[in-house]
Every structure is written in structure tokens, then in C-alpha cells.
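Here the structure comes first, spelled out in C-alpha cells, and everything after it is commentary.
Just so it is clear: chains get the letters A, B, ... in the order the sequence lines come, proteins before strands, and each one is counted from 1.
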Amino acid sequence: ETGVTQTPRHLVMGMTNKKSLKCEQHLGHNAMYWYKQSAKKPLELMFVYNFKEQTENNSVPSRFSPECPNSSHLFLHLHTLQPEDSALYLCASSQDELAGSHPDSQYFGPGTRLTVL
Amino acid sequence: QKEVEQDPGPLSVPEGAIVSLNCTYSNSAFQYFMWYRQYSRKGPELLMYTYSSGNKEDGRFTAQVDKSSKYISLFIRDSQPSDSATYLCAMGVGGQNFVFGPGTRLSVLP
């Protein structure tokens with residue numbers, strides 16, 4: 001298992017539910033990322049946090065709300081999602097955002113498989 | 001035209017075969033070219049990356065970049081059942097916004 005853990009591993013929710021995804025990294029990194037991976041579609045970067053500050057938001061709908069209380073933890077709060085939001089949500093971390101720009105420095109977690117009914 | 005195109009497969013080969021995985025892209029500014037391997041129920045792990053053009057070899061894996069044709073390849077020699085996974089190409093200019101292909105699912109049959 002990598003140094004990046006994600007919980008839950010699977011989540012089924014209705015469109016009116018509110019849920020949260022959790023990511024924790026044990027690598028001493030300072031930058032964390034959320035990606036969305038839909039079936040047969042490319043991986044999409046959603047959010048970037050560097051030293052707990054959000055530095056990137058790739059035009060993600062407001063029904064996805066990230067939170068980074070410290071450099072080791074990252075949350076993705078979900079509310080009023082749509083069925084097309086069903087996907088694998090991956091968390092990653094790197095030493096810092098500058099280091100993360102080098103391809104060999106991002107470490108991915110196993111992902112949360114989200115199904116929206 | 002999509003920024004990065006990759007044949008989704010699935011691709012099935014017998015054990016010991018040479019596997020060729022390919023991606024094409026449209027942005028001539030890309031300088032970093034990566035290949036990730038993603039096993040079922042796991043996150044992607046970086047397999048190889050190259051900067052600019054040329055070849056890079058690591059054990060049974062060889063990555064090639066042809067910037068003039070905007071085409072990258074990953075070759076796997078003496079493929080093993082343990083190589084069965086989805087292979088993602090990714091590329092970027094730098095910074096965070098690497099562009100990923102949709103991935104090719106590979107099955108190596110014993």
C-alpha cells in the first residue's frame with residue numbers, strides 16, 4: 001500500500017445526500033491534489049492545495065467543496081451530486097507544488113469509487 | 001480533436017509477447033511525457049517519464065517520444081501476467097496540469 005490512504009474505498013449516495021471523502025498522506029508532503037477518473041475518460045485534475053492553501057480549481061462545480069485542514073489531510077465534501085459525477089476520485093500528494101510539477105514526484109492513493117444514484 | 005488520444009483497448013496478448021502502447025497528441029508545447037500503470041482498485045503509479053524527445057529504457061520497458069509526429073509509445077518486452085493493468089499516458093508543459101489519455105487496458109494471458 002502507498003503512503004496515501006483514502007476512505008471510504010466505495011461510496012453509494014443519492015442526489016440529495018451530503019457525504020465527504022477523506023485523504024491522508026503519511027509522506028511528510030505539503031501539496032495535495034484531487035483528481036476525477038471517469039470510465040474511459042482521461043484523468044482530470046480538480047483541486048490543488050499547497051501548504052494548506054488552495055492554488056488550483058479547474059472549473060469544478062460548487063457541489064464539490066474541498067477542505068485542507070493541514071498538510072496531511074484533504075477532504076472533498078459532496079452535496080447534491082448528479083449521476084454523471086459517478087467516478088473514481090483519486091487523491092495524490094507531492095513534496096510541494098513546485099516539486100509536484102515534476103512527473104516523478106506525485107504519489108496517488110487507491111481512490112474512492114463513488115456511485116451517485 | 002482531443003488533446004491526447006489513446007486506444008482504450010482492451011488489448012490481450014500471450015505471455016512473452018512484445019506489447020506496444022501508443023498515444024498521439026496535438027499540443028506541440030508538451031515537453032514531459034509519462035506512462036502510468038494502474039492496477040485494478042489501485043491508484044496510478046508512475047512507470048516512466050521522458051523529457052523532450054528520445055528513448056528511455058528501464059528493464060523490460062522502453063518509452064519512445066517522436067515530437068515531430070506528436071506520438072509516444074511504451075514497449076513492454078517479455079510481457080508477464082503481472083503486467084496486466086491499465087496504462088495511462090500523460091504529458092504536459094510543466095506545472096500541475098498534466099493531460100492524461102483515457103488509458104489502455106492490457107491483459108497478458110498465461
Side-chain angles (χ1 to χ4, degrees), chain A residues 1-10 21 23-25 27 31-50 53-60 87-113, chain B residues 1-11 21 23-27 29-52 56 58 61 63 65 72 74 85-106:
Chain A
E1 189 64 85
T2 66
V4 181
T5 58
Q6 291 186 242
T7 56
R9 294 294 305 274
H10 300 272
L21 310 185
C23 175
E24 184 173 0
Q25 57 92 3
L27 301 168
M32 298 186 77
Y33 313 80
W34 279 118
Y35 287 86
K36 176 183 180 183
Q37 188 176 33
S38 302
K40 297 185 179 180
K41 290 186 178 180
L43 210 62
E44 301 171 57
L45 179 66
M46 300 174 71
F47 301 105
V48 180
Y49 277 83
N50 193 44
E53 298 295 321
Q54 184 176 316
T55 58
E56 185 100 19
N57 176 340
N58 268 351
S59 304
V60 181
L88 182 69
Y89 288 84
L90 290 160
C91 174
S93 72
S94 65
Q95 185 59 45
D96 54 46
E97 188 176 8
L98 180 61
S101 67
H102 292 277
D104 60 346
S105 61
Q106 283 196 25
Y107 294 81
F108 284 87
T112 294
R113 174 71 60 188
Chain B
Q1 182 186 9
K2 294 178 182 176
E3 204 162 12
V4 176
E5 304 220 34
Q6 183 177 8
D7 185 342
L11 177 64
L21 304 168
C23 287
T24 58
Y25 63 95
S26 57
N27 188 343
F30 288 148
Q31 295 284 352
Y32 291 98
F33 302 92
M34 291 81 75
W35 287 97
Y36 289 83
R37 178 175 61 197
Q38 186 173 18
Y39 290 116
S40 180
R41 300 187 182 88
K42 299 281 190 180
E45 56 177 332
L46 183 68
L47 200 55
M48 299 182 72
Y49 85 92
T50 54
Y51 177 76
S52 195
K56 188 172 185 178
D58 184 2
F61 299 88
V65 175
I72 69 170
L74 178 71
T86 296
Y87 289 80
L88 310 171
C89 66
M91 48 202 75
V93 176
Q96 301 309 316
N97 274 318
F98 299 122
V99 181
F100 287 81
T104 298
R105 180 182 289 182
L106 171 68

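- Side-chain atoms of B:V4 and A:P42, non-hydrogen and from C-beta on, never get closer than 4.5 Å to each other.
- Side-chain atoms of A:L88 and B:Q38, non-hydrogen and from C-beta on, do get closer than 4.5 Å to each other.
- Put simply, the side chain of A:Q37 does not reach to within 4.5 Å of the side chain of B:T86, judged on heavy atoms.
- For the side-chain hydrogen bond (donor to acceptor under 3.5 Å, both in side chains) test, no residue two or more places apart in sequence or in another chain qualifies with A:E44.
- When heavy atoms are compared at a cutoff of 4.5 Å, A:L43 approaches chain B by way of both its backbone and its side chain.
- At least one donor-acceptor pair under 3.5 Å links the side chain of A:R9 to the backbone N or O of B:R41.
- What you find for B:P44 and A:L90 is that their closest heavy atoms are CD-CD1, 3.7 Å.
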